[in-house]
Amino acid sequence: MGKLKKRIRPRDITINIGKDAPIPECPIRGERWKEIRHDNTVTWLAFWNDPINPKEFKYVFLAASSTLKGQSDKEKYEKARLLKDYIHGIRTAYTKDFASKDPMKKQIAVATYLIDKLALRAGNEKDDDEADTVGCCTLKVENVEPVPPNILKFDFLGKDSIRYQNEVEVESGVFKAIQQFRSGKEGSEDLFDKLDTSKLNAHLKELMPGLTAKVFRTYNASITLDDMLSRKTNGGDVLEKVVVYQQANKEVAIICNHQRTVSKTHSAQMSRLNEKIEELKGVLEELKTDLSRAKKGKPPLKNADGKPKRNLNPEALERKIAQTNAKIEKMERDKETKEDLKTVALGTSKINYLDPRITVAWCKRHEVPIEKIFNKSLLAKFAWSMDVDPSFRF
DNA sequence: TTCTACACTTAGCACACCTCGT
DNA sequence: ACGAGGTGTGCTAAGTGTAGAA
């Protein structure tokens, strides 16, 4: 925000410890903690107020590898799994309400549809001093353009000002409702004027215990992974299976719109790959010439620098050609994947949206070492999921 | 019913560190 | 041994959601 942030001192920090626990000694001589609390209803160990925005709190929490965080992570996924039992009824109900005469009911139905189908975030209200980003409930008229007969064109800035651009075919009930919500409004006005996240979540709670908007994101991400893994895993070696996993992971990242900026070195790296591929193609042509000569019993042509080459028999040349071809194909594939993933961030969904038990069980079933999928910190974070039964499905 | 304080999860980026081909 | 490129970790901002005050 263009402001200097003041250093945090012990006198800014409130500590939360057990009633009988010794108070940690203040490490800075002559200073003391702001306050000592004994609150076992919260998980934070310490907090202070942000010196730039004093009504904002900064917390020290336990690490992701702690059992406390692990437990709450597991509960998150169990709640998302529970949604499976309700989703059919929920979809039927909101589809009916696309044509509701009650305007709030109608808006809730359409908003829930978008959150379910497109994995949009809830969209809380924001203060004027915050970035101008939106989620589902805060979508503006200008963010959703209906294109007859039934296409919706989305274009808005979401969390972290990441642009969401998508064109989707929707049911005619949704299409008509969106047209109606837009009519007579300026582009900058709220699309859902009868709605906010509290009302939406209050409604969702009536449909399933503990249901909120964000549960749909977790549910959609995890069910997509589970589904794709079971459909696309068809034997092959470990490497091929890992590729299947990465493709499923990518699918989820795209649904959740997890992006990253293209690395500074990306285009240079692509050029280098292209050069290498061209070089290999040259080598290949030469090998082919040598082969046809060898078949006629002629020696290979001299190198460009004039030095003679080893005289190989046709079988050896055939093998070399096959090797070179394989190399070229691999590089072409790598190039494609790299270009394909240059703006897609795979990590975020792995860390936050994909039930690790899906991954662990799949690895067990298909004899893929879990370390091929989870790095050290993910293994620690997901320790609670490692003993899952191989037959586990989300 | 609305507002606000609080508590917690989710997010991308920078850069140190590691790995692997040459 | 070197360096390009990939990976992992730290950082902390930016979200979501709840409870209780107004």
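By convention in this document, chain letters (A, B, ...) are assigned in the order of the sequence lines, proteins followed by strands, and residues within each chain are numbered from 1.
Atom NZ of A:K58 and atom C1' of C:dA14 are 9 Å apart (whole Å). Atom NE2 in A:H258 sits about 16 Å away from atom P in C:dA14, given to the nearest Å. Whole-Å rounding puts the A:L195 CG to C:dT16 P distance at 13 Å. Going from atom CZ of A:R121 over to atom P of B:dT10 covers 10 Å, rounded to whole Å. In this entry the distance linking CG of A:D127 with P of C:dA14 reads 13 Å, nearest Å. Going from atom CE of A:M270 over to atom P of C:dA4 covers 19 Å, rounded to whole Å. Protein atom CG of A:D50 is 10 Å distant from nucleotide atom P of C:dT12, rounded to whole Å. Between A:E56 atom CD and C:dA13 atom P the separation is 7 Å, expressed in whole Å.
Note on A:G347: nothing from the nucleic acid sits closer than 4.0 angstrom, heavy atoms only. Among the heavy atoms of the strands, none lies under 4.0 Å from A:K264. Using a 4.0 Å heavy-atom cutoff across all strands shown, A:F47 reaches no nucleic acid atom at all.
Going from atom CH2 of A:W44 over to atom NZ of A:K58 covers 15.5 Å, rounded to the nearest 0.5 Å.
Using a cutoff of 4.0 Å between basic side-chain nitrogens and carboxylate oxygens, A:E279 and A:K276 are not scored as salt-bridged.
Remark: A:Q165 CD is packed, more than 12 non-hydrogen atoms of other residues, nucleotides or ligands lying under 6.0 Å away. Environment of NZ in A:K84: crowded, with over 12 heavy atoms of neighbouring residues, nucleotides or ligands closer than 6.0 Å.
When each of A:F61 and A:Q259 is assigned the nucleotide of DNA chain B with its nearest heavy atom, A:F61 is the one assigned upstream, toward the 5' end. Place A:N352 and A:D39 on DNA chain B by their nearest nucleotides, and A:D39 ends up nearer the 5' end.
Residue pairs meeting the salt bridge (Lys or Arg N to Asp or Glu O under 4.0 Å) criterion with at least one partner in residues 221-237 of chain A, sequence neighbours excluded, are A:D226-A:R393, A:D227-A:R231. A side-chain hydrogen bond (donor to acceptor under 3.5 Å, both in side chains) check over residues 96-106 of chain A, counting only residues at least two apart or in different chains, returns the pairs A:K106-A:Q180. Pairs of residues two or more places apart, or lying in two chains, that qualify as salt bridge (Lys or Arg N to Asp or Glu O under 4.0 Å) and include a residue from residues 74-83 of chain A are A:D73-A:K76, A:E78-A:R81, A:E78-A:R357.
Residue A:S161 has no polar side-chain atom (N or O) positioned under 4.0 Å from OP1 or OP2 of C:dA14. For C:dT16, neither phosphate oxygen OP1 nor OP2 lies less than 4.0 angstrom from any side-chain nitrogen or oxygen of A:K159. Neither OP1 nor OP2 of B:dT9 sits under 4.0 Å from any side-chain N or O of A:Y59. Between A:T43 and B:dA7, a side-chain N or O to OP1/OP2 separation shorter than 4.0 Å is absent. Close to C:dT16, at under 4.0 Å from its OP1 or OP2, lies a side-chain N or O of A:N124. In this structure, A:S72 does not reach the B:dC8 phosphate: none of its side-chain N or O atoms is under 4.0 Å from OP1 or OP2. Not one side-chain nitrogen or oxygen of A:K55 sits closer than 4.0 Å to the OP1 or OP2 atom of B:dC6.
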With the sugar-phosphate defined as primed atoms, P, OP1 and OP2, and the base as all remaining atoms, what B/S/- string results for nucleotides 14-22 of chain B, 5' to 3', for protein heavy atoms under 4.0 Å? ---------
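Note: the hydrophobic cluster containing A:I13 does not contain A:Y59 (ILVMFWY, side chain heavy atoms under 4.5 Å, direct or indirect links).
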Protein N or O to nucleotides 5-11 of chain C N or O, pairs below 3.5 Å:
unit_1 : atom_1 : unit_2 : atom_2 : d
C:dG5  : OP1    : A:R272 : NE     : 2.4
C:dG5  : OP1    : A:R272 : NH2    : 3.0
C:dG5  : OP2    : A:R272 : NH2    : 2.7
C:dG6  : OP1    : A:K338 : NZ     : 2.7
C:dG6  : OP2    : A:Q269 : OE1    : 3.0
C:dG8  : OP2    : A:N375 : ND2    : 3.4
C:dT9  : OP2    : A:S377 : OG     : 2.6

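Both tests pass for A:K69 against the ring of A:F61: distance under 6.0 Å to the centre and angle within 45° of the axis.
Listed for the A:W48 side chain is no donor-acceptor partner under 3.5 Å among the backbone atoms of A:K34. Judged purely by atom type and a 3.5 angstrom limit, A:D50 uses its side chain to pair as donor or acceptor with the backbone of A:I52. Judged by distance alone, with hydrogens and angles left aside, the side-chain atoms of A:K185 form a donor-acceptor pair with the main-chain N or O of A:L191 at under 3.5 Å.
Screening A:L120, A:L118, A:L114, A:T112 for a side-chain contact (heavy atoms from CB on, under 4.5 Å) with A:F216, the sole residue that qualifies is A:T112.
Scanning residues 198-220 of chain A for heavy-atom distances under 4.0 Å to DNA chain C yields A:N201, A:K205, A:T212, A:A213, A:K214.
Nearest to the side chain of A:K69, among B:dC6, B:dT9, B:dC13, sits B:dT9.
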